[in-house]
Each structure stands twice: as C-alpha cells, then as structure tokens.
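Numbered from 1 within each chain, the chains take letters A, B, ... in sequence-line order. Note: hydrogens, waters and symmetry copies are ignored here, and every other heavy atom, side chains too, is used.
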Amino acid sequence: MSETEENIDDGGEIRDFVRDQIRDDLAAGLHSGIVTRFPPEPNGYLHIGHAKSICLNFGVAAEFSGRCNLRFDDTNPTKEEQEFIDAIQADLRWLGFSWGETEFFASDYFDQLYAWAEHLIETGNAYIDDLSAEEIREYRGTLTEPGRPSPYRDRPVDESLALFRAMKAGEFPNGARVLRAKIDMASGNINLRDPVIYRILHEPHPRTGDAWCIYPTYDFAHGQSDAIEGVTHSICTLEFADHRPLYDWLIESLPVPARPRQYEFARLALTHTVLSKRRLTQLVAEGHVNGWDDPRMPTLSGLRRRGVPAAAVRDFISRLAISKSQGTVEMAMLDHSVRELLNRTAERRMAVLNPLKVVIENYPEGEHEELQAVNNPENEADGTRMVPFGRELWIERDDFMEDPPKKFFRLGPGREVRLRWAYFITCTDVIKDASGEVVELRCTYDPATKGGTAPDGRKVKGTMHWVSAKHAVESEVRIYDHLFTRPDPGADGDFLDDINSESLNTLRDAKLEPSLTEFPVGQAVQFERLGYFATDPDSTPDRPVFNRTMALRDTWAKVKAKG
RNA sequence: UGGGGCAUAGUAUAAUUGGUAGUACAGCGGAUUCUGAUUCCGUCAGUCCUGGUUCAAGUCCAGGUGCCCCAGCCA
C-alpha cells in the first residue's frame with residue numbers, strides 16, 4: 001500500500017493550515033496532547049465527503065500521537081436511527097479507522113448539558129420564550145435588518161427556571177416553548193440573535209429512550225461535548241464558521257472543563273455526483289437508486305459494494321488539499337486512485353460480457369486443453385493458472401467487425417489475431433441469421449502458435465480475450481456509469497432531472513472463465529481488456545454477479561469516437 | 001458598508017512569507033507492450049480586475065469585481 005501524500009514538506013510532514021495551527025499550538029505549549037473528534041449525525045450513511053473529514057481528524061490525531069473520538073451527534077431523535085449508527089461504525093472500520101474501546105454520544109451528556117442550561121438561565125444568559133416558531137422567525141429580522149427582542153426576553157430568572165423544569169417534566173406540547181440564549185438580537189451574525197438551545201420533542205431517542213422530552217440543539221451540544229471530552233481542535237466544515245462566535249460564547253459562559261477551539265475547512269465536492277445528505281436521502285427514499293449501498297452511490301458502502309478498495313479511497317483523500325476554498329474535484333481524480341491501486345493488486349481473469357460464438361474449424365471436435373495464463377503481470381507472486389481452451393469459444397462482440405476501418409486491430413474476415421495465452425486464429429467465415437446479424441464466426445487456428453507466440457516470428461496487431469464455451473460460467477455483470485449526466489447536477493434546475501438513465505447496464509449473458517467462481521464477495525479482479533470488477537452479494541453459487549468497479553482506460557474508444 | 005468565507009492552467013492545489021510560478025489529475029503527441037491496459041518520454045496551459053509601493057509583487061497597500069455560506073425549534 002503506497003498512499004501518496006500531496007502536501008508533504010522535506011521533513012515528511014503533511015502541510016496544511018490545520019496541521020500548521022496544531023504545530024503552532026503545540027510549540028506554544030497550549031496543549032499536552034491533541035484530541036480531535038469525528039462527529040457524524042446518525043441520520044444517514046457516510047459518504048466520500050465524510051471520508052475527508054475522517055482522514056483529517058483521525059490522521060491528525062495519529063500524526064501528533066493524540067486521540068480521535070468517534071462521537072455521534074445524536075441530539076435530534078426525530079431524524080436519527082440505530083441503523084445509521086451501526087452503518088457508520090461498519091463503514092469507519094472498513095475505511096480502516098478505529099476509535100478505541102468506546103464510542104461517544106452527545107446523548108451521554110444530556111444530564112450535564114441540562115445542568116449547564118440551568119446555569120445559563122441562572123446567570124441571566126438564557127430565557128424561556130413562549131413565542132411560536134413562526135413568531136421567532138419574524139422577530140429574528142432578516143439578513144439586512146436587525147431582529148427585535150421577544151416580549152419574554154426579560155422574563156425573571158426564577159420564572160424561566162420554573163418553566164424550563166416544567167418543559168423537562170413534559171408539561172408542554174412540542175413547540176410550546178423553547179430555551180434561548182440571550183445574546184444580541186441586532187448582531188449581523190444571525191446565529192447570535194438569541195439562538196434556540198433547547199426544544200420540546202416528545203420523541204423516543206435511540207439511546208435514551210423516553211428519558212427526555214426536551215433536547216439540546218446542535219449549537220448547545222457540540223462545543224460543550226468537545227469540552228467534556230477534552231477535544232483540543234474541533235475541525236468542521238466551512239458552513240459552521242458562522243457558528244464559531246456562538247461556540248465560543250457558550251464555552252466562555254459555562255463552567256466547562258476545557259477550552260476547545262473550532263477550525264473550519266472546505267468540504268469535498270465531486271463532479272457527476274451529489275454529496276449532500278438531503279439529496280442522498282432523497283435518492284434512496286424515492287427509489288432512484290437501490291439503497292444506500294447502491295454501487296452508483298458516493299456512499300462508503302456504495303463504493304465498497306462497487307469494489308472500490310478502502311485504500312484507494314484513502315489514497316484519493318490524501319491527494320486532496322485541506323483549504324478554505326470550496327472547489328469541486330473531478331471524479332477522474334478518484335478514478336485514478338482506484339485504477340492505480342487495482343492495477344497493482346487485482347489478479348487478471350478473462351470474461352466475455354457480450355458474447356459472440358467462434359468455432360475453430362481445424363480444432364479437434366470434443367477435445368480441450370488447459371493453457372497457462374499469468375495472474376498478474378504487475379505481481380509475479382500471484383503466479384499462474386490454467387484456462388480451458390476448446391473448439392467453441394466466446395469472444396466479445398465488439399472485437400469483431402465485418403468491415404473494419406484501418407485502425408481496427410481486432411478480428412475481421414480474413415484477419416489474424418491472437419487469443420490471449422492461447423493461439424493465433426484467422427477468421428474464415430461469417431455466419432448471419434435471417435435479419436443479417438452476425439451470430440457466429442468460423443475460424444482456423446495455428447497450432448504452432450500455442451501460448452501466443454509464433455515460431456516464425458510473425459506479428460499480429462490485436463490480442464483478444466476469450467472464454468471456452470463448454471467451460472464458461474454463466475454470469476450477470478452490472479456496468480455502472482456516473483449517476484448524473486452532468487458534472488454539476490442540479491446547477492440548472494432539479495438535480496433529479498440530471499440523473500443518468502443509463503447509469504446501470506445489466507448484462508445477463510456474460511461468460512466467465514471457470515476460476516472466477518472462486519472469488520469471494522468484494523474481491524477485486526481485472527477482466528482483461530475490460531476493467532476492474534468485484535463480486536456482488538447478490539451472487540448465488542451457480543450464478544455469480546459481478547459489479548464493474550472501474551473500466552480500464554480505453555484509447556480505442558477515443559480513436560473510434562473521433563472517426 | 002448585514003455577517004462570515006474564498007479567488008493561481010480544464011480541475012484540485014504549491015510557492016522557503018517580496019526573489020526562476022512547481023506538483024497531481026485531465027487533455028494532446030510519441031515509444032514500449034501477448035491487455036488499444038500498465039510503464040516510459042514529450043507537450044499544452046495559470047496568478048480575478050485597476051491602480052500604488054519596490055531593483056523585484058501571486059505574495060505588501062488602496063479601490064473594485066466575482067463566487068460560496070447564514071434568516072431550522074436540522075446538523
């Protein structure tokens with residue numbers, strides 16, 4: 001595994017503004033150790049954008065001999081589910097990260113957070129507001145106009161305290177009242193216009209059950225949770241920069257055990273896909289894809305199912321910059337990391353996706369032989385295997401043209417090509433059906449070319465893959481393309497309108513060489529000349545199903561397209 | 001003058017803090033090849049704008065412009 005790191009200085013350290021900050025803080029003696037955290041909300045599956053945050057937070061912790069906590073930000077039981085908690089942990093492990101014995105939950109701190117809320121009321125820094133959600137919005141003002149104080153803003157401390165306790169006791173319905181921090185209704189930063197910090201939610205929580213009917217908001221939970229855990233550097237994405245003043249205000253207003261600091265970096269955006277949880281959830285909920293782990297999804301589980309190795313994801317992330325400028329990375333960048341890793345590690349096999357029958361007329365009927373093939377030219381240790389060869393073969397339809405252009409190196413009438421690891425064959429006849437479609441080729445082979453080289457030194461331009469018809473394993477192969485037709489889905493209207501209707505092409509008549517039945521689910525393999533594939537969990541013992549992880553680069557396709 | 005953030009090749013970024021604009025991906029061309037793969041070689045292309053300071057500006061100063069985020073009792 002050779003994961004390249006982009007921004008490395010001569011000392012081998014990764015350089016970016018977050019790590020620079022940490023080095024400075026360490027040099028200034030601010031901390032004895034570094035603690036970060038990865039704080040997913042369990043309301044969806046992890047995607048490749050999360051991988052950037054994961055690699056940053058866990059990476060930083062490892063580089064500075066610190067610790068990274070996995071902490072679920074589970075403060076909104078209306079959206080969160082145990083299924084997501086389990087999936088997030090599974091995806092993290094797959095990606096290759098571990099977080100020690102325990103995982104943390106914001107809900108573990110509900111008692112402490114509640115006590116701090118009371119403290120805020122007692123110190124005159126928070127109040128119970130009876131305004132409705134709509135009224136609060138009206139009073140908040142707009143982006144350019146200041147807000148107005150709620151009529152309940154100066155309610156006596158005792159009254160707020162009593163009301164807050166009544167809220168906790170379940171005496172009010174959802175939405176009846178909220179607890180608000182008392183900060184500045186005229187602030188240019190809307191997060192400081194008396195933000196709601198506790199709301200009534202009569203909703204069972206995946207972890208605390210019915211213990212609570214009031215729940216803290218993100219803003220009231222996150223920084224304090226960081227403080228409780230001794231997090232030194234709370235690294236989040238740019239959209240939270242506006243929240244930092246509130247984060248700091250709460251830390252300063254409360255008797256918390258530590259002073260964590262928040263730093264923001266630009267989240268990952270990728271072309272030809274979407275990475276917002278709202279959109280991904282919509283794709284799943286409305287059935288545009290077959291679940292969170294659909295191989296077309298940018299989720300970690302989708303990538304895994306498609307056959308993308310975790311190491312390739314990590315390599316891709318390592319090439320990214322940690323910065324504050326929000327760009328969109330080309331999907332080709334990810335493709336490159338996948339191909340580079342798989343080229344080195346995936347064994348090669350032969351499979352015919354769109355079969356065309358070939359009969360070798362001068363090969364003895366009823367006989368076959370075993371020919372030796374190299375498993376991986378990039379890794380001699382992978383050895384060789386035997387592949388059965390016979391009189392009737394399958395070749396790829398695309399590898400034959402009746403009237404080929406000059407640059408076409410493959411099979412055509414009267415042409416000679418090499419069958420990989422086997423023989424040179426020459427096409428002698430083309431059989432068509434009533435509609436004129438080619439259904440079979442008649443060929444002859446040269447026994448002297450066994451193994452693929454001609455003793456007389458003659459050359460052929462093309463080498464093709466093939467599968468013995470008698471020994472072929474019937475299979476289904478799923479070919480994937482970008483989920484969206486354009487690089488920026490939704491930029492020009494509804495993102496659903498940009499869904500690629502041809503993102504999944506299921507080939508039900510694929511022919512595999514026999515050894516392909518030995519590949520366990522998820523194991524990467526290269527089908528020679530076609531791409532990298534991995535077995536899908538839908539496979540059955542008698543009918544394997546393969547997903548195409550990534551096509552090989554195809555310069556012929558480019559030549560052909562140019563005409 | 002609501003607040004916050006960001007501008008370097010097609011894309012993502014680097015530039016020792018004022019001293020030759022470098023890297024990766026993509027593209028293009030070629031060599032090698034029993035995968036039209038891989039590998040190798042070559043090549044294209046960039047500092048948002050306008051002024052200013054300076055021997056010297058991507059970097060400093062002034063003024064513009066453009067893009068992103070914020071008006072959830074989501075995170």
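At a threshold of 4.0 angstrom between heavy atoms, the contacts of A:Glu264 with the nucleic acid are absent. Among the atoms of the strands shown, none is found under 4.0 Å from any heavy atom of A:Leu270. A:Tyr198 comes within contact range of no nucleotide atom at all, as no heavy-atom separation falls under 4.0 Å. At the heavy-atom level, A:Gly327 lies under 4.0 Å from the strands shown only through sugar-phosphate atoms. Among the heavy atoms of the strands lying under 4.0 Å from A:Ser132 is at least one base atom, whether or not backbone atoms are also near. Among the protein residues, A:Pro39 comes within range of no part of the nucleic acid, since none of its heavy atoms lies under 4.0 Å from any strand. The residue A:Thr75 sits close only to the backbone: its heavy atoms come under 4.0 Å of sugar-phosphate atoms, none of a base. Across all strands shown, A:Phe72 has no heavy atoms under 4.0 Å from either base or sugar-phosphate atoms. At a threshold of 4.0 angstrom between heavy atoms, the contacts of A:Arg244 with the nucleic acid are absent.
Contact annotation: A:Arg180 side-chain N/O to B:rC73 OP1/OP2 distance is not under 4.0 Å. Proximity of A:Thr217 to the phosphate of B:rC73: no side-chain N or O atom is located under 4.0 Å from OP1 or OP2. Contact annotation: A:Arg529 does not reach the phosphate of B:rU33 (side-chain N/O to OP1 or OP2, under 4.0 Å). Contact annotation: A:Ser325 reaches the phosphate of B:rU13 (side-chain N/O to OP1 or OP2, under 4.0 Å).
Taking atom C1' on both B:rC48 and B:rC6, the two are 12 Å apart, rounded to the nearest angstrom. Using atom C1' as the reference point in both B:rA75 and B:rA12, the two lie 27 Å apart (nearest Å). Nucleotides B:rU47 and B:rA7, compared at atom C1', are 10 Å apart to the nearest Å. Rounded to whole Å, the separation between the P atoms of B:rG19 and B:rU59 comes to 11 Å. Going from the P atom of B:rU43 to that of B:rG51 covers 34 Å, rounded to whole Å. The C1' atoms of B:rG58 and B:rG18 are separated by 11 Å, rounded to the nearest whole Å. On the C1' atoms, B:rA45 is 15 Å away from B:rA24, given to the nearest whole Å. Atom C1' of B:rU39 sits at a distance of 43 Å from the matching atom of B:rG5, rounded to the whole Å.
Between the side chains of A:Glu41 and A:Asn43, at least one donor N or O lies within less than 3.5 Å of an accepting N or O. A side-chain N or O of A:Asn76 and one of A:Thr78 form a donor-acceptor pair less than 3.5 Å apart. For A:Tyr139 and A:Glu134, the side-chain atoms include no donor-acceptor pair closer than 3.5 Å.
Distance from the side chain of A:Glu41 is smallest to B:rC74 among B:rC74, B:rU13, B:rG5. Proximity note for A:Thr555 (side chain, C-beta onward) versus B:rA75, B:rA37, B:rG5: the nearest is B:rA37. Minimum atom distance to the side chain of A:Phe409 is reached by B:rG36, of the listed B:rC74, B:rG36, B:rU35.
B:rU16 takes the anti form, because its glycosidic angle lies more than 90° either side of 0.
The aromatic ring centres of A:Tyr247 and A:Phe240 sit 6.0 Å or more apart. Ring centers of A:Phe527 and A:Tyr532: at least 6.0 Å apart, outside the cut-off. For A:Tyr445 and A:Phe424, the ring centers are positioned 6.0 Å apart or more. Note: A:Phe220 and A:Tyr198 meet the aromatic proximity criterion, with ring centroids under 6.0 Å apart. Between A:Phe389 and A:Trp466, the distance separating the two ring centers is shorter than 6.0 angstrom. Between A:His222 and A:Tyr218, the gap from one ring centroid to the other is short of 6.0 Å. With ring centers used as reference points, A:His205 lies under 6.0 Å from A:Phe110.
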Atom pairs under 3.5 Å, N or O on each side, protein against nucleotides 70-72 of chain B: can you list them with distances?
| unit_1 | atom_1 | unit_2 | atom_2 | d |
| --- | --- | --- | --- | --- |
| B:rA71 | O3' | A:Arg140 | NH2 | 3.4 |
| B:rA71 | O2' | A:Arg140 | NE | 3.1 |
| B:rG72 | OP2 | A:Arg140 | NH2 | 2.9 |

Output one line per pair: protein atom, nucleotide atom from nucleotides 26-31 of chain B, and distance, for all N/O pairs under 3.5 Å.
| unit_1 | atom_1 | unit_2 | atom_2 | d |
| --- | --- | --- | --- | --- |
| B:rG27 | OP1 | A:Lys558 | NZ | 2.8 |

Checklist outcome for this item: Taking Watson-Crick and G-U wobble contacts under 3.5 angstrom, with | marking pairs to another strand and [ ] crossing pairs, the secondary structure of RNA chain B is written .((((((..((((.....[..)))).(((((.......)))))....(((((..]....))))))))))).....

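Contact annotation: the side chain of A:Ile317 never approaches that of A:Ser337 to less than 4.5 Å [non-hydrogen atoms, C-beta and beyond]. The closest side-chain heavy-atom distance from A:His272 to A:Asp488 is not below 4.5 Å. Contact annotation: the side chain of A:Asp129 never approaches that of A:Arg177 to less than 4.5 Å [non-hydrogen atoms, C-beta and beyond].
Between A:Asn343 and A:Thr328, the residue whose closest nucleotide on RNA chain B is further toward the 5' end is A:Thr328.
Using the six-membered ring where Trp is involved, A:Tyr45 and A:Trp292 have ring planes that are parallel, under 30° apart on the 30 and 60° scheme.
The aromatic ring of A:Trp556 stacks onto the base of B:rG36, its centre lying under 5.5 Å from the centre of the six-membered base ring with the two planes under 30° apart.
Rounded to an integer number of Å, the gap from CD1 of A:Ile200 to P of B:rC73 is 14 Å.
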